[in-house]
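Remarks on the structure that follows.
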Amino acid sequence: MEAYKEAIAECLAEPLGQPTETIVPMLRTPPEAAWGDFAFPCFTLAKAWRQAPQQIAAQLAQELTLAAPVAAVAAHGPYLNFTLDDDILSREVLEAIARQGERYGCGDEGRGRKAVIDYSSPNVAKELAFHHIRSTMIGHALKQILEARGYRVEGDNHLGDWGTPFGLLIAAYERFGWDDAADVEDIVQLNALYVRARNEAKADADFAATGRRWFQRLEAGDPQARKRWRWFVDVSLTEFDKVYDLLGVSFEHTLGESFFEPYMDDAIAELQARGLVTKSQGALVVDLSAYDMPPCLLKKQDGATLYSTRDLATLLYRRREWRFDTCLYVVDMGQSLHFAQLFKVLDLAGFEWAANCHHIPFGLVLQRNPESGKWEKGSTRQGNASLLKTVLEAAIRMARERMAVSNPDLADAELVARQVGVGAVIFNDLKNRRTRDVKFDQEAILNPQGETGPYMQYTQARCASVLATAPETIHVEPLYELLQQREERALVRKLAAYPDAVAEAARTWEPSVVAQHLLAIAADFNSYWTRGNKDPGLRILRPDAADLTAARAALTAAVQTVLCNGLKLLGVPTPDAM
RNA sequence: GCCCCCUUAGCUCAGUUGGAUAGAGCAUCGGACUUCUAAUCCGAGGGUCAGAGGUUCAAAUCCUCUAGGGGGUACCA
């Protein structure tokens, strides 16, 4: 749709005496679709022309010469409203969608550029909590969206598999043991041990010290410590992969923090060579007080490395080995300061590429505290967060039960239930602006009605269903001028704007732009569909009118293509029946 | 204390980067299935855009202050 602004600007360029480049950004979309496709506000001309904007609009409306595809111009108060030619628009848009198929919505701004995205990145030894859906799916969606716009993208699941907690975990294992006969999955027992280790460390200073020593042994390569640790990681990865399979997410790299352990000394040395590292209170730091930030800690008093050290080594490695142009960190907002420090340190070290590293923050998942009634950050450490697996299972159950009544004969019911349940959870997370905190509300997540994943999937299934029963006539060249219904014209325009939505989502790193646009398309299509229930003349398939059927089937196919393309970007599956 | 984010209908949220009459969904109430899938659609009610100033032709949108909520703030990740 963006491309048509150029045509409008050309009509205005001569009379305004301005180049099209300055006119295009001034064009707006009128609040009422019936008023036109683009609006040019005349306020800014008022001063220069010494006339009221209303007069300017009225005058210009008279004088302008229009060229296809611009069909009409009308003054509406201080605005000049332009309308595109419906027939040309329908033809161009629907033909483009049919021709490009799953490439419709793609672009090439990112061509020749490589992006590395750090997302999901759960901590080992804990189950995936519901809040892990955020980084995982926002990251996955951004990966797909950037790829659609021409970037080469590599995803890295930066597992939290290193640090003092693992020393504590080994200490807990040694002290409390492991119950091989326990009737729970290993990950559950491991998670429980993790929580216990943490609590014990808080209550017992000796235990905490033992844990810290274990981590030192781990870093030193002690075989016993390594063996325990490796096993903790394997148990966790087995569990994570189950959930990733369900979500349809995969990574080019799964390099935990431990992988970068051998690179940490080099990273520190590199900063030392640049004179950035100082000793403060017994710790090794980069002083950032000149930038109103606390120091970036590289090594603790006891010599152990920290989160910052590992992230630093990781980023240097990624740049050196993977040669990214852009590196994105899809991590919650609570870590804004950490990333500000990290990027500042690299900037001070003289790495100009640090400017192309970005933290893509998102809001926290808040759980209602049953005692205080307040919304607060859930924590797997305290064991009070809902598990992602549990929510997904509940959503799948919801879909299964729903289908048992609405479509009991459906083939592949179990597969579809999984697609719908998982789609519900994913879409629920991606439909809103990522920086908002989200209040965990399982009931809302499982509701399949309204602005939800199942609603989107249902709409796509309706398209598939009608096209499956469409007669062969749809293969004749559609007469696009037959698409004269208000709903049909509105749909064509929204389909035309879909690539703009993908481009904006890529530019602002905001998947919800795509989700919101798809919602608007689905709403229009469902409304269009239902009108056919009341008025048979408005049905898509008209046995009595082959040409009309062909045109409407072409529109339906285009809607289906765009819904499928968009939902694919978001990671929402699209069953053809449900 | 300082820093960041948030505050739009009872609830959950959109709002085209400063434009025309602030829009959806859920919930409530009333309608539409002998039909291309009713996980849908149509309609009704529901608003001091947290509050107060400011910037200008124009503010939910930008600036300042205030209130409330969430998060962060050197040896956790």
Side-chain angles (χ1 to χ4, degrees), chain A residues 28-32 35 39 41 43-44 46-47 52-53 76-79 81 121 123 160 162-165 198 257 280-285 288 292-302 304 306-308 310-311 332-338 340-341 361 363-364 366 374-377 381 399 402-403 406-407 420 424 431-433 435-439 441 443-444 447-455 457-459 461-470 497 500-501 504 508 512-513 516 519-520 523 526-534 536 539-542 552-553 556 577-578:
Chain A
R28 297 279 175 276
T29 305
E32 288 287 337
W35 296 356
F43 304 105
T44 48
K47 254 186 212 150
H76 193 292
Y79 293 89
N81 290 332
S121 307
N123 287 336
W162 207 244
T164 323
R198 204 167 174 84
E257 293 181 305
S280 169
Q281 300 173 27
L284 229 46
V285 307
L288 295 173
D292 287 328
M293 284 189 269
C296 177
L297 263 86
L298 301 175
K299 272 191 177 177
K300 301 197 285 186
Q301 286 174 337
D302 65 6
L306 292 114
Y307 184 40
S308 314
R310 298 192 278 276
D311 257 0
D332 76 73
M333 282 187 333
Q335 301 190 44
S336 298
L337 177 58
H338 165 72
Q341 291 176 299
L364 269 39
L366 306 178
K374 283 193 163 187
W375 290 98
E376 53 194 39
K377 186 176 169 181
R381 287 174 192 170
R402 180 99 194 182
M403 270 175 350
S406 67
N407 201 349
V420 173
K431 73 176 170 186
N432 294 137
R433 258 178 23 238
T435 48
R436 291 191 83 101
D437 285 349
V438 301
K439 294 170 183 158
D441 180 353
E443 236 176 274
N447 183 356
Q449 293 177 339
E451 298 170 325
T452 66
Y455 174 80
Q457 293 170 316
Y458 180 74
T459 311
R462 275 183 147 178
C463 293
S465 165
V466 72
L467 291 171
T469 50
D500 308 331
E504 194 197 334
T508 57
S512 72
V513 174
Q516 292 291 332
L519 274 171
N526 282 318
S527 180
Y528 174 52
W529 173 290
T530 308
R531 282 195 62 196
N533 281 346
K534 282 191 171 170
R539 290 160 70 94
I540 293 162
L541 302 180
R542 290 276 307 276
R552 288 179 179 172
T556 304
M578 58 189 276

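Lettering follows sequence order; numbering is per chain, from 1. A quick note: this is a predicted structure, and the numbers were derived from the prediction, not measured.
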According to the interplanar angle, ranging from 0 to 90°, do the rings of A:His338 and A:Tyr307 count as parallel (below 30°), tilted (30 to 60°) or perpendicular (above 60°)? parallel
Could you list the residues that satisfy ring pair (Phe, Tyr, Trp, His ring centres under 6.0 Å) with A:Tyr458, not counting sequence neighbours? none
Applying ring pair (Phe, Tyr, Trp, His ring centres under 6.0 Å), name anything that partners A:Trp162, two or more places apart in sequence or on another chain. A:Phe215, A:Trp229
Return yes if the base of B:rA74 and the side-chain atoms of A:Ser280 contain a donor-acceptor N/O pair under 3.5 Å, otherwise no. yes
Presence of donor-acceptor pair under 3.5 Å, side chain of A:Asn81 and base of B:rA20: yes
Pull up the glycosidic torsion of B:rC49 and say syn or anti, syn being anything within 90° of 0. anti
Using the purine O4'-C1'-N9-C4 or pyrimidine O4'-C1'-N1-C2 torsion, is B:rU17 syn (within 90° of 0) or anti? syn
Is the phosphate of [N] approached by [X] (side-chain N or O, under 4.0 Å from OP1 or OP2)?
X: A:Lys431; N: B:rG25; value: no
X: A:Ser527; N: B:rU40; value: no
X: A:Tyr455; N: B:rC41; value: yes
X: A:Thr459; N: B:rU40; value: no

Sugar-phosphate atoms are those with a prime plus P, OP1 and OP2; base atoms are the rest. Using that split, label each nucleotide of nucleotides 29-37 of chain B B, S or - for protein heavy atoms under 4.0 Å, 5' to 3'. ------BBB
[X]: partners by salt bridge (Lys or Arg N to Asp or Glu O under 4.0 Å), with sequence neighbours left out:
X: A:Arg310; value: A:Glu257
X: A:Arg542; value: A:Asp544
X: A:Lys431; value: none

Rounded to the nearest angstrom, tell me the gap between atom [atom1] in [X] and atom [atom2] in [N].
X: A:Leu364; N: B:rG72; atom1: CG; atom2: C1'; result: 10 Å
X: A:Leu519; N: B:rA39; atom1: CG; atom2: C1'; result: 14 Å
X: A:Asn432; N: B:rC6; atom1: CG; atom2: C1'; result: 13 Å
X: A:Leu288; N: B:rU73; atom1: CG; atom2: P; result: 15 Å
X: A:Gln341; N: B:rG72; atom1: CD; atom2: P; result: 14 Å
X: A:Arg28; N: B:rU61; atom1: CZ; atom2: C1'; result: 12 Å
X: A:Gln449; N: B:rA38; atom1: CD; atom2: P; result: 13 Å
X: A:Glu451; N: B:rC13; atom1: CD; atom2: C1'; result: 7 Å

Pick base, sugar-phosphate or nothing for [X], based on heavy-atom distances below 4.0 Å to the nucleic acid.
X: A:Asp311; answer: nothing
X: A:Ala283; answer: base
X: A:His338; answer: nothing
X: A:Gln457; answer: nothing
X: A:Glu504; answer: nothing
X: A:Leu297; answer: base
X: A:Thr508; answer: base
X: A:Asp302; answer: nothing
X: A:Met403; answer: base
X: A:Ala497; answer: nothing

Want to settle it: does A:Gly160 or A:Asp441 sit nearer the 5' end of RNA chain B, counting the closest nucleotide to each? A:Asp441
For A:Trp35 and A:Arg310, find the nucleotide of RNA chain B closest to each by heavy atoms; which residue's nucleotide sits nearer the 5' end? A:Trp35
Only counting residues at least two apart or in another chain, list the ones meeting side chain to side chain contact (heavy atoms under 4.5 Å, CB included) with A:Ala501. A:Val513, A:His517
Separation between CD (A:Gln341) and CG (A:Asp311), nearest 0.5 Å, reads 11.0 Å
CD/A:Gln516 to CD/A:Glu504 distance, rounded to the nearest 0.5 angstrom? 11.5 Å
Does any N or O in the side chain of [X] come within less than 3.5 Å of the main-chain N or O of [Y], such that one atom is a donor and the other an acceptor?
X: A:Asn81; Y: A:Ala39; value: no
X: A:Ser527; Y: A:Ala523; value: no
X: A:Asn407; Y: A:Met578; value: yes

Same-atom distance (P) from B:rA60 to B:rU17, integer angstrom: 16 Å
In whole Å, measure the gap between the P atoms of B:rC42 and B:rA24 for me. 10 Å
Any chance you could lay out the side-chain contact (heavy atoms from CB on, under 4.5 Å) test for A:Asn432 and A:Val438, step after step, and finish with the verdict? CA-CA 9 Å; A:Asn432 294 137; A:Val438 301; 6.0 Å; no
Taking only nitrogen or oxygen atoms into account, show me every contact under 3.5 Å that the protein makes with nucleotides 55-59 of chain B, one pair per line with its distance.
none

pair A:Arg433-A:Thr435: side-chain heavy atoms closer than 4.5 Å: yes
Given a 3.5 Å cut-off on both pairing distances, which stems involving RNA chain B, each at least three consecutive Watson-Crick or G-U pairs, are present, if any? B:1-7 with B:67-73, B:10-13 with B:23-26, B:28-32 with B:40-44, B:50-54 with B:62-66
Partners of A:Tyr455 by side chain to side chain donor-acceptor pair (under 3.5 Å), sequence neighbours excluded? A:Asn526
Check: protein-nucleotides 44-46 of chain B nitrogen or oxygen pairs below 3.5 Å:
none

Every protein N/O within reach of nucleotides 1-5 of chain B N/O, cut-off under 3.5 Å:
none

